[in-house]
Every structure is written in C-alpha cells, then in structure tokens.
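Numbered from 1 within each chain, the chains take letters A, B, ... in sequence-line order. No hydrogens, no waters, no symmetry mates; every other heavy atom, side chains included, goes into these values.
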Amino acid sequence: MKIFKFTSTLRAIGLSMAIVVGFNQQLLAHVSVTDTAPADNAMLMASPENISLTFSKASRIVKLTVRNRQGNKLETDFKPTKQAIVNFTLPLPTLTPDTYTVDVTFFGEDGHKMKHSFSFMVH
Amino acid sequence: MEMMIWNSITVLSKVLIYMGFAGLAGCLFFSHINNKNDRTKHIEKTILFLALIASIFWFFAKVGAMAEEGIKGALDKDLISMMWSTAVGEVTVCRVLSFAFALAALFCFSQSKWRYLQRFILLLSLITIAYSFTLIGHISSQGYLEKALLFTHVLIMAWWIGALYPLQQACSRLKTRELHCVMAKFGQQARFMMGTLFIAGLGLAYSLLGCFESLLNSRYGQMLVVKLILVAFILLLAVKHKYRLVPNLKRELGSARLKHSISIEMVIALLILLLTAVLSSVVGPEY
C-alpha cells in the first residue's frame, strides 16, 4: 500500500515537472502601441500634419485626446474606430508652438482596456 | 473614483458568476444528496439566476470602465457594439445562454422521466462556462496546454466548491450512516480531484509568473500566495474531515461538528472566489 502511494506521488511530481517544463513562457501579451508619429519626446520644427499609431495587433481605439501644456483639449476629427486596425492616422489642425500630450485608450480582440501616452514639442 | 466603482461591479459580478458556476456543478454532481429538499433546490435556482444577471452586469461594467463616462458611457451604443465583437461579448453570450439553459432545465425537466435530459443540459452548460474562462484574461493569449489546464482547474474548483452547500445541508438531513457513506465517497473522489487541481494550479501559476521571484516580488504573486494559504486552510479542514469527523460519523457521534466545519470551509471558499475575482480583474501578472 505504501509502495503504491509512493509511486503515485512520484508520478504526480513527474507529471507536474513535465507540464512546467512544457510551457513555452509566451509573453502575457495584450495589445500595445509599438510605434507613434511623432515619436515620444520628439522636437518638431513645424506642426505635424497627422498623428499615426501602430499597434502590436489589431485594435479598436475608444478615445484619443491631444492636450497642450496647459491641459486644454484640442478639437480633432477623432471618432472611435469600430473596425479593428493595426495602423491608425488622425489628421491634425495646425499646431502653434507648444508641448502636446496625446492620450489613447484602446483594446484588442481580448477586450482588455489599454492606455498609451506620448508627448512632442512644436517649436 | 469612477474606475473603482466599475472595478467593484466587475469583481462582485465575477464572484456571483463563480458562485453560479459552482452551484451548477453542485446541481449536476450532488443534487441526489438532497433530492427531496425543496429549500436546497430553491437556493440553487436563485444562485443560477443571480449569476445570469451578474453576467449581463459584468459586460456593461466592462463597457463602462472602457468609456470612463459614467452610466452614459456604459450604455453607449457604439462602444457596446465594439466590445460585443471582442472576447468580452463571446464570454457574455456563453455565460448568459448557459445559465439560462441550466435554469430552464431545472424548471422544466424536474420530473424523473426527464432526468437524463436535465443532466445533459446542465453538463453542457457547465462545460460551456468552463470553456468561457479560456477565452478571456491572461491565459487567452497562450497555447492549448495552458487553456486545457485552466479548463480543468476551473471545472474541479466548481466541483469542489459546488459540493460544499449540498454536503452541509446533508449534515442535518441525512442519518449519520447515510451521511458517512456520502462523505466517504466524496473523500475518495476528492483525493483524485485535489491531485489534478494541484498539478493544473502549479502549471498555471508558472505560466503566468514565470519564476519563483515573481511570486514574492509582484503584487499578483503576493495575492496568489494569500490565495494559496486559504487553499491550504481548506485542505487542512478536508484532512480533519477525513481522519476525524467522518470516522466519528461511523461511531454515531453526531454530525454537528462536521456541519460547522463545512460552514467554515464555505466561508473560506467565498474568500478564495473573491480573491480570484480580484486577481483576474484588477491585478494582472504583468504589473
């Protein structure tokens, strides 16, 4: 009886080890912003014509705001993207010299809420 | 403040969904223990109904948290349609339909001639809800092995927690000899189930955390340790049942202490469900 229990325990430990070793430790990947234009902390000599975002996987954008240093929100033509997209471009009005912060709320196919923020300066 | 409200609604909805899932497992595997007890049946139906409502609330809490614009944001037509097309929508459909079918089966097929059909619908609902756990959260982006482990893990948890209420009720309804038979049989099944639960849990924890340091250094890891401590308490109670309280039944020493001990188990189980809801909603392994 004791031998049987010992063998069962060994089997359980062996199976646990096999499962643990069998994992390929993928990243716990929700979607993310992989690239922006203008880049984060960019110093621009002229007003950019667009804001562009690239996502790691197809995403839907819920919110996008552009604020100046005083925190005032700029008027843009942004509308939530109903279709999932990897690249997104938003035309901008002409920006006066200032520091601008872009805040984006988006989600991927898993429906997990993600946020990204980046800033740039127009001289 | 607003996010705190949405997160609280999400966590509470999840706890009710977990309870409904466990209640469903209880209906399927342990209803024969108290099959003449109307009160037990009434409570089972109430829990399933609450879980159905909670599944709908959970969806709107996810939309509201995404919008961050109060109730108006949670009811935004465009955002609802955007969220509906993701895994959140799929999970909601799976859970709402499963709880609805399970309730319909309990109400419509309660006669003994329909028993097999009722059990088939309950089993299908249970499997669908277990599957829904693999569609969302941190495991959803991983491979089939991790999903299979989560599926097994949640099914066994439902079986275990779902057994507690019927067993607790059985303590006051069954004769001690009958109760001894039921508890001894449950103990035998639990031995195999606990081994599988342990292996699946170990695999899942490794897949989410990656290394032992994360268990102690991350907030997710620390909360997981608290959950493991609570699980260890329940296991200690199970050992006490097996070696002291259940053998006492055979000697006709009464079932009051066993009932009290199962009630404590139920409170700990509720805490585990609450912690699991927080771990899977508010605290992620990537933080």
After noting the C-alpha distance and the side-chain angles of A:Phe107 and A:Val62, does the key distance pass the side-chain contact (heavy atoms from CB on, under 4.5 Å) rule?
CA-CA 8 Å; A:Phe107 60 90; A:Val62 182; 3.4 Å; yes
Hey, do the aromatic rings of B:Phe21 and B:Trp159 have their centres closer than 6.0 Å?
no
Given a strict heavy-atom distance threshold of 4.5 Å, which part of B:Glu90 is in contact with chain A: side chain, backbone, both, or neither?
neither
Select one option (side chain, backbone, both, neither) describing which atoms of B:Ser85 are under 4.5 Å from chain A's heavy atoms.
both
Does a donor on one side chain sit under 3.5 Å from an acceptor on the other, for A:Thr101 and A:Arg69?
no
Residues 74-81 of chain A vs chain B, non-hydrogen distance cutoff under 4.5 Å, contacting residues -> A:Pro80, A:Thr81
Where do B:Tyr18 and B:Ser280 land on the side chain to side chain donor-acceptor pair (under 3.5 Å) test, with the steps shown first?
CA-CA 12 Å; B:Tyr18 295 161; B:Ser280 62; 3.3 Å; yes
Without hydrogens or angle criteria, can the side chains of A:Asp110 and B:Ser140 be said to hold a donor-acceptor pair below 3.5 Å?
no
B:Phe133 six-ring centre to B:Arg95 NZ/CZ under 6.0 Å and within 45° of normal
yes
Is there a side-chain contact (heavy atoms from CB on, under 4.5 Å) between B:Leu249 and B:Leu245 once you walk through the steps?
CA-CA 7 Å; B:Leu249 293 175; B:Leu245 301 181; over 6 Å; no
Polar contact flag, side-chain donor to acceptor under 3.5 angstrom, A:Lys113-A:Thr105:
no
Might you confirm whether atom CD1 of B:Ile71 has over 12 heavy atoms from other residues, nucleotides or ligands at distances under 6.0 Å?
no
Strictly by modelled atom types, are B:Ser281 and B:Lys14 linked by a side-chain donor-acceptor pair under 3.5 Å?
yes
Contacting moiety of B:Ala205, where chain A heavy atoms sit under 4.5 Å:
neither
Residues from residues 47-55 of chain A approaching chain B under 4.5 Å (heavy atoms)
none
May I ask you to say whether A:Asp103 pairs ionically with A:Lys115, meaning some side-chain N is under 4.0 Å from a carboxylate O?
no
Side chain from CB out, backbone as N, CA, C, O: work out which of these in A:Lys63 comes under 4.5 Å of a heavy atom of chain B, or both, or neither.
side chain
